[in-house]
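Predicted model only: the values in this text are computed from it and were never measured. All values below come from the heavy atoms of this structure, side chains included, with hydrogens, waters and symmetry mates left out. Chain letters run A, B, ... following the sequence lines, proteins first and then strands; every chain starts at 1.
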Amino acid sequence: MPPEIPKAYEPQEIEKRWAQSWFEEKLFRADPKAAGPVFSIALPPPNVTGSIHIGHMLEHTQIDILVRWRRMNGYNTLWLPGMDHAGIAAQYVVERQLALQNITRQQLGREEFERRVWKWKEESGDTIKRQMIRLGASCDWTRERFTLDPPLYRAVLEAFLRLYREGMIYRARYMVNWCPRCQTAISDLEVQHNERNGKLWHIRYPIVGSDEFIVVATTRPETMLGDTAVAVHPDDERYKHLIGRKALLPLMDREIPIIADEFVDREFGTGAVKVTPAHDPNDFEMGKRHNLPQIDVMTNDAHMSDAAGKYVGLDRYVARKNIVADLQTLDLLERVAEHTHAVGVCARCNSEIEPRLSVQWFCKMKPLAESAARVVRDKLISVVPENWEKVYLDWMDRIYDWCISRQLWWGHRIPIWYCADCNAMTPARDSRVEIVEGRAQAASVPEKCCVCGSSKLTQETDVLDTWFSSGLWPFSTLGWPDETEDLRVYYPTSLLISGYDILFFWDARMIMMGLHLVDRAKIEERIPFHRLYLHSIVRDPHGMKMSKTRGNVVDPLELTEKHGTDALRFALAVMAAPGTDIALSEDHILSYRAFANKIWNAARFLFFNLEKIESLGVTLEDLAAPEIRAAAPYKNGGELELADRWIFSRMATVRDEISDAFETFRFHEAAHVIYHFFWGDFCDWYIEWVKPRLGVAERDAALATWRNLFSVFEAALRLLHPFMPFLTEELWHKLPQRVGAKSIALEQFPVARPDWRDADAERQMALLQEIIVASRNLRAEIKVDPKKKIAAEFAATEPAVRALVEANLDSVLHLATLSELKISSGRFDSSGGATRSTAQFDLRIAHSEPVDTKAEAIRLRKEIDRLAKDIEAKRTRLADDTFRSRAPEQVVRSLESTLAGRQAEHQKLQERLKQIESNSN
RNA sequence: AGGCCCGUAGCUCAGUUGGUUAGAGCGCUACCUUGACACGGUAGAGGUCUGGGGUUCGAGUCCCCACGGGCCUACCA
């Protein structure tokens, strides 16, 4: 069997095969009736705007690691996948495609446009699903959800109408962020602020009935057409005499009042500010305070409106240019200053946002935010990394109402109807709307106006902000508003893993919505998740944010094809230290591809050698004894070998370290631990250590050796499985299997075995390793042919040390490539060969060739120097009474014993140095 | 403007309550094609933790300041 296993691990075929099999077998289907504690997690639904990117990959890797780990620990595990319709984002993608054919959505009409987006959704959704399957995400695809599907629409209706009836949702004319390209309102969170170099125009407004001017400073001269006042600070001596008088608005020849308002900053600009209530949030507020008219001088697409006088029809930037030029001509432009300021742009399409008055739907946030803040403050939801908790709470404290309506075509249409006869909205706030399952949309269409009874009803054309439906995700996907079995069992979910960039958009809103809408008595049963882990952002190798425009995006599928999913997953895990962003380069992945290859080859070695023992009459089935699964050390008759005690002890430690790390999202730590255990402890030491034993003819001894070797290997595969699901699945199936065993993913994660911890074995092994390394080191130094077995001498004053070496002589000889090791008591006097000394032993290799004494002397001096400094520092510390009295005794003790060791070593090295110096003279 | 994070080996980064000689991967040097693995093995070089001050018996780890880099939130026209 072994020869056909390729020498290098080739993941491509293997991964595809298992990915397909897991999916088809519905291996990760959750059963609410299954035993065990519940671990449930909802996939942050990817937007149907294309395909999986590396950020998704990181997120899914982290989720998958924890999900697989919990599943293997016997949890009733659900990872529910799905996708988000991503209102504005998806609509924008399709609009861009249409633009390539010079078609606008208006030309297509709403119905046809929606059809196109659905088509796009199918494609994109399929791609994403295929990719996730290929990348090994162990989610339950039988429960896949999409935010626009009927059951979820039902949840949206229920949520909207409930909030509406409660007065939490209202309609109002208000200042919103308007994207002139998308032609919709967007929420404050969807506005990005970019620093830009702009100008500050100083414009003279003539005072009516005087030849005086008042000079205002503005970054947006085109909005002056809508000015309805000029404001100054009430205590500003420069302008006090003008308060209450009128200014003549240039270009429009409109008289506007000069008002006093504390909002005005005397230090900024000229201390006089033009007030445009329809085009600036501050001016809007000021306008309300002073009862100013609101003149909207722009259209939906940011051209000048009828109210803009002779500038009507001009694009806003053209209008700006013309207005500045006209002011110049009229000698009303006092000066132009350079000015950097933050310009709001649409997060989707990058167009400059126009603050604008319009009638929109809003959701009251204060009451929701209060309880959402409380559950975090009370630790009902724990936030990791912790510093995000503060960010979250700050935001909750300063929250204001959420504009939930969008003038888009792709999304959940707001379930409100307007009456053509009486203008009333149906349903009425106090009405009860019955929603019939399966016919949610149809059933909720009212037949007549709730006020006048007219049947001339038109539905609101606006749709809901996409985050409105996302906010219901953890419970809408489980069947809410019905108290389904899934909802009962899997809600609240155990954990949310999301990027910190959507903490406010999504995480916070799920908390608010869950608390408010899920009907359960106890608050801790209404929260959407118990823990919130915010993962880092993947950046390019230079730490830059990946973006399509920068051209530095990496395609996870491409990387996967090249190096294997497991390698990429492991690389992501290793770099996923909480709270730090990840700079991903291909080199990283290569390191872990090498690791996968290492595992593969360790397996090859084991399988390859099976032949040898088969000739002993030991069969695969013998190795399949329960010990393998329980991973218990196997004794051949009496005592366990030191190396066996050691590797099992290490494994017990490693298992616990990995578990602890997973509990606290320290993926990098868990990955490091298993990496070094497998490569360092298992491959470099354990396998090499037992190699000579493998040829032993005696059946029981051979069996013991092989069983232990396989036990450790098999357990290591299970430890590795959450990180590298494909490779471990493949190798695990090559091992002897219990009948009916389907997948390593359904096997048990190694259990805690404190009884395997063996401090003696670890200490002894460490000492033997030190001896072996010292020997190799000497050999390298005197340039002995690496393959040549040579004789060495060993001296130690401690009888126990000598006994230890004696007892493990064969292994030491083998690993140090020695023909013999003469053991004696006492210590060497640093002559007669190359010597290495430590506090506990001396090792000497006789050799006639003169060693490079100069290099050796340099090395020794350096080492002696370092030791001397260290000893000095420790002596001083120990001589300090305050230290002795204040530091814990344990610290003092260990310092003392370390000092003794250092001193012994120091002395030995000095003797060696003297020796060398006298020899060379 | 406020807040957050980062600055540790040539590079990319770890370093959980402060406590022995600060770690890893890549890269580098020397030797090794040894039947698991050159995506390998063995041995080695290389940081005093951005700078300054403080708290402490003891600080990469806590506090303050400075410098450098990044991010988020913000209604100063």
Using the [atom1] atom on both, measure [N] against [M] and round to a whole Å.
{"N": "B:U42", "M": "B:C65", "atom1": "C1'", "answer": "49 Å"}
{"N": "B:U50", "M": "B:C37", "atom1": "C1'", "answer": "42 Å"}
{"N": "B:C28", "M": "B:G10", "atom1": "C1'", "answer": "8 Å"}
{"N": "B:U34", "M": "B:U17", "atom1": "C1'", "answer": "48 Å"}
{"N": "B:G51", "M": "B:C76", "atom1": "P", "answer": "37 Å"}
{"N": "B:A14", "M": "B:A9", "atom1": "P", "answer": "12 Å"}
{"N": "B:U48", "M": "B:A22", "atom1": "P", "answer": "11 Å"}

[N] phosphate, OP1 or OP2: any side-chain N/O from [X] under 4.0 angstrom?
{"X": "A:Asn597", "N": "B:G40", "value": "no"}
{"X": "A:Lys783", "N": "B:A43", "value": "no"}
{"X": "A:His202", "N": "B:A77", "value": "no"}
{"X": "A:Trp679", "N": "B:G41", "value": "yes"}
{"X": "A:Lys787", "N": "B:G41", "value": "no"}
{"X": "A:His668", "N": "B:G15", "value": "yes"}
{"X": "A:Arg776", "N": "B:A43", "value": "yes"}

How is [X] classified with respect to the nucleic acid when contacts are heavy atoms under 4.0 Å: base, sugar-phosphate, or nothing?
{"X": "A:Thr898", "value": "base"}
{"X": "A:Pro786", "value": "sugar-phosphate"}
{"X": "A:Asp265", "value": "base"}
{"X": "A:Val275", "value": "nothing"}
{"X": "A:Pro888", "value": "base"}
{"X": "A:Phe595", "value": "nothing"}
{"X": "A:Lys869", "value": "nothing"}
{"X": "A:His339", "value": "sugar-phosphate"}
{"X": "A:Asp684", "value": "sugar-phosphate"}
{"X": "A:Arg884", "value": "nothing"}
{"X": "A:Val273", "value": "base"}

Determine the interplanar angle of the [X] and [Y] rings, folded into 0 to 90°, and report it as parallel if under 30°, tilted if 30 to 60°, perpendicular if over 60°.
{"X": "A:Tyr533", "Y": "A:Phe665", "answer": "parallel"}
{"X": "A:Tyr500", "Y": "A:Trp388", "answer": "parallel"}
{"X": "A:Tyr675", "Y": "A:Phe595", "answer": "tilted"}

* **A:Phe662/A:Phe723 aromatic ring centres below 6.0 Å** =>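 Judged by ring-centre distance (under 6.0 Å), A:Phe662 and A:Phe723 do meet the cut-off.
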
* **Centroid separation A:Phe284 to A:Tyr174 less than 6.0 Å** =>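 Under 6.0 Å, so yes.
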
Roughly, in whole Å, what's the span from [atom1] in [X] to [atom2] in [N]?
{"X": "A:Leu813", "N": "B:U34", "atom1": "CG", "atom2": "P", "result": "22 Å"}
{"X": "A:Phe504", "N": "B:C72", "atom1": "CZ", "atom2": "C1'", "result": "8 Å"}
{"X": "A:His588", "N": "B:C11", "atom1": "NE2", "atom2": "P", "result": "13 Å"}
{"X": "A:Tyr686", "N": "B:A36", "atom1": "OH", "atom2": "P", "result": "17 Å"}
{"X": "A:Asn177", "N": "B:C75", "atom1": "CG", "atom2": "P", "result": "9 Å"}
{"X": "A:His193", "N": "B:U73", "atom1": "NE2", "atom2": "P", "result": "7 Å"}
{"X": "A:Lys274", "N": "B:A77", "atom1": "NZ", "atom2": "C1'", "result": "8 Å"}
{"X": "A:Glu889", "N": "B:G58", "atom1": "CD", "atom2": "P", "result": "20 Å"}

* Asked: Just by modelled atom types, is the A:Val343 backbone N or O under 3.5 Å from a matching donor or acceptor in the A:Asn194 side chain?
  ->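 Such a contact is absent between A:Asn194 side chain and A:Val343 backbone.
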
* Determine whether any donor atom in the side chain of A:Glu688 lies under 3.5 Å from an acceptor atom in the base of B:A36, or the reverse, and answer yes or no. =>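 Side chain to base: pair found, below 3.5 Å.
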
* Asked: Can you find a donor-acceptor N/O pair under 3.5 angstrom joining the side chain of A:Lys7 to the base of B:C37?
  ->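 When only heavy-atom distances are counted, A:Lys7 does not reach the base of B:C37 through any donor-acceptor pair under 3.5 Å.
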
* Position toward the 5' end of RNA chain B (nearest nucleotide), A:Val891 or A:Arg877 ->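 Whichever sits nearer the 5' end wins; that is A:Val891.
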
* Partner nucleotide of B:U42 by Watson-Crick or wobble geometry (both distances under 3.5 Å) ->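 In the structure as shown, B:U42 has B:A30 as its Watson-Crick or wobble partner.
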
* A:His563 and A:Glu586: side-chain donor and acceptor closer than 3.5 Å? ->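 Yes, side-chain donor-acceptor contact under 3.5 Å.
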
* To do: Would you mind checking if A:Arg866 and A:Glu863 are paired as a salt bridge, meaning a charged N to carboxylate O distance below 4.0 Å?
  =>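 So A:Glu863 pairs with A:Arg866 through a salt bridge.
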
* To do: Just compare B:A24, B:A77, B:C37 and give me whichever is closest to any side-chain atom of A:His672.
  =>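 The closest nucleotide is B:A24.
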
